[in-house]
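Reviewing the structure listed below.
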There are 2 protein chains.
Amino acid sequence: MITQSEIATENIRDQIIRGEVPPGAHLQENPLSEQLGMSRTPVRTALNTLAQEGLLEYVAKRGYRVKEFTIAEIVDAYNVRATLEGMACRLVAEKGMDRWSRSKLEKCIEDGEAIIQKTGAEITDDNFDGQAWRQMNTTFHQTIIEASENSFLQQQIKQIIFIPVAALFVLADWGSRVNAGNIKRAQVDHINIVDALERRQSARAEARMREHLENTGRVIQDYYENTQETHIEDDQSVA
Amino acid sequence: MITQSEIATENIRDQIIRGEVPPGAHLQENPLSEQLGMSRTPVRTALNTLAQEGLLEYVAKRGYRVKEFTIAEIVDAYNVRATLEGMACRLVAEKGMDRWSRSKLEKCIEDGEAIIQKTGAEITDDNFDGQAWRQMNTTFHQTIIEASENSFLQQQIKQIIFIPVAALFVLADWGSRVNAGNIKRAQVDHINIVDALERRQSARAEARMREHLENTGRVIQDYYENTQETHIEDDQSVA
DNA sequence: AATGTGGAATATGTATTCAATGTTTAATCT
DNA sequence: AGATTAAACATTGAATACATATTCCACATT
């Protein structure tokens with residue numbers, strides 16, 4: 001069964017991740033309960049939940065405000081993710097992969113290859129299938145995390161997915177924000193990671209995955225800094 | 001200001017960590033609100049919070065029960081902690097330590113040495129100052145985590161501290177459960193970690209810390225399995 | 001005897017009300 | 001005019017009341 005509290009939680013979380021409510025905004029219970037057509041009670045529960053997830057900051061008697069993430073914090077989070085998924089790779093290499101995980105990863109490699117082949121030398125919005133790439137990428141990482149068979153690891157990594165700006169790169173269509181170089185490098189990374197896992201080279205698998213995600217973090221950082229500049233320009237044009 | 005919800009959260013969390021409410025127990029709102037002398041509302045908030053922390057399991061319309069942790073899950077959590085604190089060491093070694101962190105760590109080494117000196121060759125309940133050792137140990141790890149200056153890392157590691165059985169080893173007097181070998185090995189580990197940090201050998205610092213905590217995890221596992229056997233014996237004697 | 005249904009009792013989910021604390025505004029005093 | 005204070009207003013925290021789902025037991029039926 002689905003409760004009002006759960007509806008409120010998902011709805012408000014979505015609004016935050018999509019950037020519909022800006023960082024730093026004060027979320028008040030009455031407006032939210034009106035907006036969602038429910039009483040304050042389930043809204044309060046939702047706000048408490050989201051604060052625990054780290055999306056909101058809470059001060060007693062003053063309520064909740066949307067947490068502002070600095071570039072540094074987002075990069076920090078990505079580095080933590082890099083370390084944790086690196087650990088997942090180490091565990092998988094040590095334990096050895098079962099047949100199903102292995103075939104799923106190999107399919108990811110094939111799919112990635114196909115997407116790049118179809119794209120050609122130059123990546124544009126038209127010829128690059130960002131949707132398919134993201135799906136392949138999610139499956140790739142998820143498969144390794146699950147194959148690690150460490151439930152804590154899975155839980156910890158999940159939390160990082162909810163960080164607003166980082167999550168945008170998963171949700172939004174960032175096909176136009178990547179270039180051929182990044183995509184091809186990511187594909188090579190994936191190939192090397194799977195190779196290391198199959199050879200059960202745990203240290204190599206760990207190092208490769210860590211580097212792979214640290215690269216992604218750098219891409220996000222670059223993009224973020226560029227858009228920051230753009231925003232400043234926008235502000236100036238208004239002034 | 002301190003709210004009723006916060007009081008309830010801390011109180012119930014304590015009861016769980018101390019083992020006063022057994023794993024698997026169904027926590028009901030009415031008895032808890034009576035016990036704590038407040039209405040159901042703040043109790044509900046507290047239960048929601050603790051479920052988010054991973055201490056309780058929630059099923060809609062059925063309420064909350066205390067999560068049961070298997071030995072495997074506890075060891076899993078400790079291994080995650082080992083990896084994360086290893087990362088903290090790596091970051092500290094890369095950035096370099098400020099003077100204050102450095103002196104705090106060196107004081108920890110001195111304190112540890114003093115405790116061991118005072119204890120002598122054989123560790124017993126009487127001559128081993130478990131309280132002082134735990135405090136030194138907590139300071140040691142906390143200092144490194146804070147010096148990493150990665151807020152996400154700090155947040156993630158905090159969650160692991162709340163796991164019931166693992167937390168017992170921090171809270172309860174486990175002086176009687178350790179032997180001279182473990183304590184001396186831990187002290188040597190600490191010395192090597194600080195040495196690596198001061199020489200800014202990031203890979204060595206990371207590896208040493210990881211191994212240090214994996215050892216602790218193994219100690220917990222051994223202890224847990226021993227007490228499990230004891231419990232089985234108890235059960236048999238009852239039958 | 002076992003299973004299934006129905007209803008009472010119990011527990012959770014939500015709404016509403018009341019209380020306490022912050023915030024804002026306006027008026028008064030310097 | 002500016003600052004300070006008090007009062008009105010708004011918002012959060014907690015308690016109570018109500019609605020709805022689940023559990024459990026009794027009873028009936030196969």
Side-chain angles (χ1 to χ4, degrees), chain A residues 1-17 19-69 162 164, chain B residues 1-17 19-69 162 164:
Chain A
M1 201 239 165
I2 187 119
T3 64
Q4 296 288 79
S5 303
E6 287 167 335
I7 294 171
T9 304
E10 310 234 323
N11 191 308
I12 299 170
R13 187 196 291 127
D14 252 35
Q15 291 190 43
I16 296 168
I17 290 178
E20 291 165 21
V21 287
H26 184 194
L27 291 186
Q28 299 191 145
E29 296 170 5
N30 270 321
L32 281 172
S33 63
E34 256 186 69
Q35 180 193 323
L36 298 172
M38 56 181 73
S39 82
R40 276 175 55 210
T41 308
V43 171
R44 281 182 67 79
T45 307
L47 293 176
N48 180 58
T49 300
L50 295 171
Q52 292 299 322
E53 284 179 6
L55 253 68
L56 301 176
E57 282 173 324
Y58 168 76
V59 179
K61 272 290 179 184
R62 285 188 169 183
Y64 299 83
R65 50 180 62 249
V66 179
K67 176 151 172 52
E68 306 190 61
F69 290 93
F162 282 142
Chain B
M1 199 238 164
I2 188 121
T3 63
Q4 297 289 83
S5 303
E6 288 168 335
I7 294 171
T9 304
E10 309 233 325
N11 192 308
I12 299 171
R13 187 197 291 127
D14 252 37
Q15 291 189 43
I16 297 168
I17 290 178
E20 291 165 21
V21 286
H26 185 191
L27 290 187
Q28 298 192 146
E29 296 168 6
N30 273 319
L32 281 172
S33 64
E34 255 186 70
Q35 181 193 322
L36 298 173
M38 57 181 72
S39 81
R40 275 176 54 210
T41 308
V43 171
R44 281 183 66 78
T45 308
L47 293 175
N48 180 59
T49 300
L50 295 171
Q52 293 299 322
E53 283 180 6
L55 253 67
L56 301 176
E57 284 173 323
Y58 168 76
V59 179
K61 276 286 180 185
R62 286 186 167 185
Y64 299 85
R65 48 180 64 248
V66 180
K67 176 151 171 54
E68 307 191 60
F69 289 93
F162 283 142

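Here the structure is a predicted model, which is why all the values come from computation and not from measurement. A note on names: the letters A, B, ... follow the listed sequences, proteins ahead of strands, and every chain is numbered from 1.
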Using atom types as modelled and distance alone, determine if a side-chain donor or acceptor of A:H26 lies under 3.5 Å from a backbone N or O of A:V66. no

Between A:S39 and C:dT14, is there a side-chain N or O to OP1/OP2 distance below 4.0 Å? no

Can you measure A:I7 atom CD1 to C:dA15 atom P for me and round it to whole angstrom units? 10 Å

Base, sugar-phosphate or nothing for A:Y58? Non-hydrogen atoms, less than 4.0 Å. sugar-phosphate

Between A:L36 (CG) and C:dT14 (C1'), how many Å, whole number? 14 Å

5'-most contact on DNA chain C: B:R62 or A:G37, nearest heavy atom basis? B:R62

Proximity to the side chain of A:M38 - top-ranked nucleotide from C:dA15, D:dA15, C:dG13: C:dA15

What's the closest nucleotide to the A:K61 side chain, out of C:dA15, D:dT12, C:dT12? D:dT12

For B:T9, which residues count as a side-chain hydrogen bond (donor to acceptor under 3.5 Å, both in side chains) partner, sequence neighbours excluded? none

If you find the nucleotide of DNA chain C closest to B:L27 and the one closest to B:T41, which residue's nucleotide is nearer the 5' end? B:L27

CD/B:E34: more than 12 non-hydrogen atoms of other groups inside 6.0 Å: no

Could you state the atom-to-atom distance from CZ of B:R65 to C1' of D:dT22 in whole Å? 13 Å

How many Å lie between CZ on A:R40 and P on D:dC18, as a whole number? 19 Å

With a 4.0 Å cut-off on N to O distance, would you call A:R65 and A:E57 a salt bridge? no

Out of A:T41, A:T49, A:V43, A:T45, which one pairs with A:S5 under the side-chain contact (heavy atoms from CB on, under 4.5 Å) rule? A:T45

Would you indicate, yes or no, if D:dA14 has its OP1 or OP2 atom less than 4.0 angstrom from a side-chain nitrogen or oxygen of B:S5? yes

To the nearest Å, give me how far apart CD1 (A:I2) and C1' (D:dT20) are. 16 Å

State whether B:H26 places a side-chain N or O below 4.0 Å from either non-bridging phosphate oxygen (OP1 or OP2) of C:dT12. yes

Could you tell me the separation between the CD atom of A:E6 and the P atom of C:dT14, rounded to a whole number of Å? 8 Å

Atom-pair distance (CD on B:Q4; C1' on D:dG13), nearest Å: 9 Å

Examine C:dA11: is either OP1 or OP2 under 4.0 Å from a nitrogen or oxygen in the side chain of B:Q28? Give yes or no. yes

Using OP1 and OP2 only, check whether a side-chain N or O of B:R44 sits under 4.0 Å from C:dG13. yes

